[in-house]
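FYI, side chains are in, hydrogens and waters are out, and symmetry mates aren't considered; it's all heavy atoms of this structure. Residue numbers start from 1 in every chain, and the chains themselves are labelled A, B, ... in the order their sequence lines are given, proteins ahead of strands. Just so it is clear, the structure is predicted and the values come from calculations on it, not from any experiment.
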Number of protein chains: 2
Amino acid sequence: MHSLNVALGARSYPIIIGSRLLGDAQYLLPSIRGRQVCVVTNETVAPLYLARLLDGLPGFDKVDVVELPDGESYKTLNTVNRIFDVLLEKRHNRTTTLIALGGGVVGDMCGFAAACYQRGVDFIQVPTTLLALVDSSVGGKTGVNHPLGKNMIGAFYQPRLVLADTDTLATLPDREFSAGVAEVIKYGLICDAPFFHWLEANMDALLQRDAAILAYAVDRCCRDKAAVVASDERESGRRAILNFGHTFGHAIETVQGYGVWLHGEAVAAGMVLALELSLLCGSINNNLLERLRSLLRKARLPQRPPAEMTVVDFLQAMELDKKVVNGRLRLVVLKSLGEARVADDTPREKVIEALKNCGVR
Amino acid sequence: MHSLNVALGARSYPIIIGSRLLGDAQYLLPSIRGRQVCVVTNETVAPLYLARLLDGLPGFDKVDVVELPDGESYKTLNTVNRIFDVLLEKRHNRTTTLIALGGGVVGDMCGFAAACYQRGVDFIQVPTTLLALVDSSVGGKTGVNHPLGKNMIGAFYQPRLVLADTDTLATLPDREFSAGVAEVIKYGLICDAPFFHWLEANMDALLQRDAAILAYAVDRCCRDKAAVVASDERESGRRAILNFGHTFGHAIETVQGYGVWLHGEAVAAGMVLALELSLLCGSINNNLLERLRSLLRKARLPQRPPAEMTVVDFLQAMELDKKVVNGRLRLVVLKSLGEARVADDTPREKVIEALKNCGVR
């Protein structure tokens with residue numbers, strides 16, 4: 001077990017990473033201030049880990065559980081309202097603590113519910129997917145989708161603790177695991193070249209979920225993310241590099257319908273597109289694109305966008321994404337391996353060219 | 001025209017109070033940072049003031065309007081979702097500014113939508129009711145009701161400007177005007193004894209909407225509120241005194257059904273109950289209760305709770321209100337005229353006695 005800190009002044013919090021953390025009260029209790037707890041989870045995760053989590057929560061006046069349906073297509077305002085219903089029916093007050101037990105969808109909705117319930121109550125992230133462990137549980141982005149756009153409704157709201165028990169990854173389906181690997185690769189590309197090299201050397205062991213390799217990767221990603229978030233909590237500048245591949249990826253998710261492609265799968269194809277764009281902007285060379293494709297292939301991730309999506313589909317969805325400022329698309333491109341920049345001067349023609357180079361009609 | 005400042009560091013903003021402000025671009029433009037604007041209003045206010053407001057918004061790429069149904073019963077997550085629908089359909093991005101044109105219900109929902117849309121966009125309050133001018137538009141409390149509790153879902157989110165045009169009060173129905181007077185009286189009780197005396201001397205002129213008297217009252221209330229909010233933005237302490245009468249009042253609104261009693265009417269009866277409780281706690285004398293009742297009578301406001309509500313109704317609703325901490329009711333009581341305190345040690349028996357003294361069965 002070891003711990004890192006997300007340094008955000010009064011909103012700082014620890015990320016505790018390790019094995020056998022889930023049922024151990026010593027990790028959760030110091031971060032719970034009141035006497036009420038509500039666990040938000042889903043129908044897939046609950047049978048696997050809920051009982052173990054509850055073992056780590058002895059002695060509370062009230063522990064309620066909200067079990068949501070599983071999947072990105074349920075990440076809506078209506079589903080969040082079910083959390084509010086339970087909190088109010090069970091008479092939770094402002095001192096309650098919500099605990100998100102699950103993947104990114106559960107964490108995003110539980111965090112948003114915590115941000116809004118009685119104008120803000122405490123919450124804790126207990127991620128159980130690779131994607132949530134290395135990405136979505138850290139940094140305080142919470143929210144839900146709207147039919148017209150991914151993550152369009154939400155809040156910046158930091159948890160009091162991220163409890164990352166790597167044992168939970170043992171039961172993760174391969175497809176979900178691979179989706180998480182997409183975000184792992186992202187850190188190498190945008191801010192950590194040595195880690196990219198490490199991934200090239202260790203991808204097979206990572207996919208076999210070798211405990212030591214996995215622990216190292218989770219730790220490294222959390223450190224990378226914590227550093228970026230600490231430098232720019234509300235994404236007024238540098239934090240936007242974490243969106244590398246995401247504007248393309250969100251377009252895929254929105255147009256295909258939420259949940260058809262997993263978020264990580266859409267990000268994988270989105271990173272190829274973003275790297276293609278970086279190539280056209282003259283900042284990197286072709287070799288890196290091949291190296292990325294090779295890593296994605298190993299990880300059984302898509303290396304191109306869905307065949308049925310058109311250039312128009314992409315442009316329409318991307319222009320509605322959060323990264324548009326005064327009519328100009330803000331896209332993240334690589335300057336070199338391990339160094340990203342936010343470009344709000346990318347000509348539309350270059351974006352179209354990048355899409356076409358990746359086979360989009 | 002004059003202006004005061006709500007001092008909240010980086011989130012500070014001006015309240016501009018006066019006559020003929022609405023159609024004048026010089027007041028709105030400095031607070032709008034992007035090139036997109038969306039006005040949120042309701043079906044009652046739009047025919048009266050929308051055109052004038054739009055006169056004050058020349059030269060924007062995009063000005064859209066969302067017209068909501070009128071009334072507290074529509075202050076729901078579903079109605080807020082209609083704002084999101086329009087923002088996304090009309091392709092508003094992170095640089096948009098929402099403008100709330102209306103009373104407290106419109107302001108609370110528009111502010112909450114601004115807090116959540118793309119995790120936070122700018123918003124401006126243009127209050128058109130007395131209650132919104134003196135209370136709800138200032139201080140950043142936003143949100144919606146849940147069937148089980150008033151204002152249970154929301155955010156602390158400050159506007160960039162409050163533009164308080166007192167001319168809009170000319171068209172306000174008498175019942176709505178009186179409801180606003182309840183909050184005006186509240187400031188005298190909780191933090192401004194000289195203002196309470198002034199109100200006793202000037203209530204008739206205020207109710208006749210004498211321009212000078214009205215301007216003075218609005219200004220005084222905004223100053224009082226700005227000072228309290230600046231001292232405690234997120235209500236960890238002193239700000240709670242602004243809830244004087246509100247825990248009782250929220251119980252009335254929740255149990256009667258939202259909109260049956262106006263918020264200000266419920267607060268009026270709630271203040272009588274809170275003062276009765278203060279009397280039982282030994283901190284004030286009977287005379288003040290009579291003076292409050294006399295002011296409320298003049299203002300055509302209720303001086304007692306609804307006849308059909310029981311002690312059990314009150315206790316159940318109050319125990320679900322946000323002011324419960326670790327199982328204890330936190331109620332605001334007066335120590336003396338102009339001085340309030342938050343009491344989290346009020347015995348339940350005293351609350352029951354106060355309710356019974358006011359005729360509740």
Q: Closest approach of A:Q316 and B:R91, non-hydrogen atoms and distance?
A: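 Shortest heavy-atom separation between A:Q316 and B:R91 comes out as O-NH2, 2.6 Å.
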Q: Using distance only, find each side-chain donor-acceptor pair of residues 82-89 of chain B under 3.5 Å and give its atom names and separation, not counting sequence neighbours.
A:
unit_1, atom_1, unit_2, atom_2, d
B:D85, OD1, A:H146, NE2, 2.6

Q: Between A:T96 and chain B, which part of the residue has a heavy atom less than 4.5 Å away: side chain, backbone, both or neither?
A: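 For A:T96, no heavy atom lies under 4.5 Å from chain B.
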Q: At a heavy-atom distance under 4.5 Å, which candidate from A:D61, A:L148, A:N78 has the highest pair count against chain B?
A: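 When all of A:D61, A:L148, A:N78 are compared, A:L148 has the most.
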Q: For B:R119 and A:R234, which heavy atoms make the closest approach, and how far apart are they?
A: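 What the structure gives for the nearest pair is O-NH2, 4.0 Å.
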Q: Could I get the full list of salt bridge (Lys or Arg N to Asp or Glu O under 4.0 Å) partners for B:R11, not counting sequence neighbours?
A: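 With sequence neighbours excluded, B:R11 shows a salt bridge (Lys or Arg N to Asp or Glu O under 4.0 Å) to B:E233, given in chain and number order.
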Q: Just wondering, are more than 12 heavy atoms of other shown residues or ligands nearer than 6.0 Å to CZ in A:F314?
A: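 For A:F314, atom CZ is crowded (more than 12 foreign heavy atoms under 6.0 Å).
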Q: Could you give the distance from NE2 (A:H92) to CE (B:M152), rounded to the nearest 0.5 Å?
A: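 Answer rounded to 0.5 Å: 12.5 Å.
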Q: With a 4.5 Å limit on heavy-atom distance, are the side chains of B:N81 and A:I153 in contact?
A: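 Yes, their side chains come closer than 4.5 Å.
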Q: Counting heavy atoms not belonging to A:Y157, are there more than 12 under 6.0 Å from its OH?
A: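 Enclosed: over 12 neighbouring heavy atoms sit under 6.0 Å from OH of A:Y157.
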Q: Within a radius of less than 6.0 Å around NZ of A:K90, do more than 12 heavy atoms belonging to other residues, nucleotides or ligands occur?
A: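 No.
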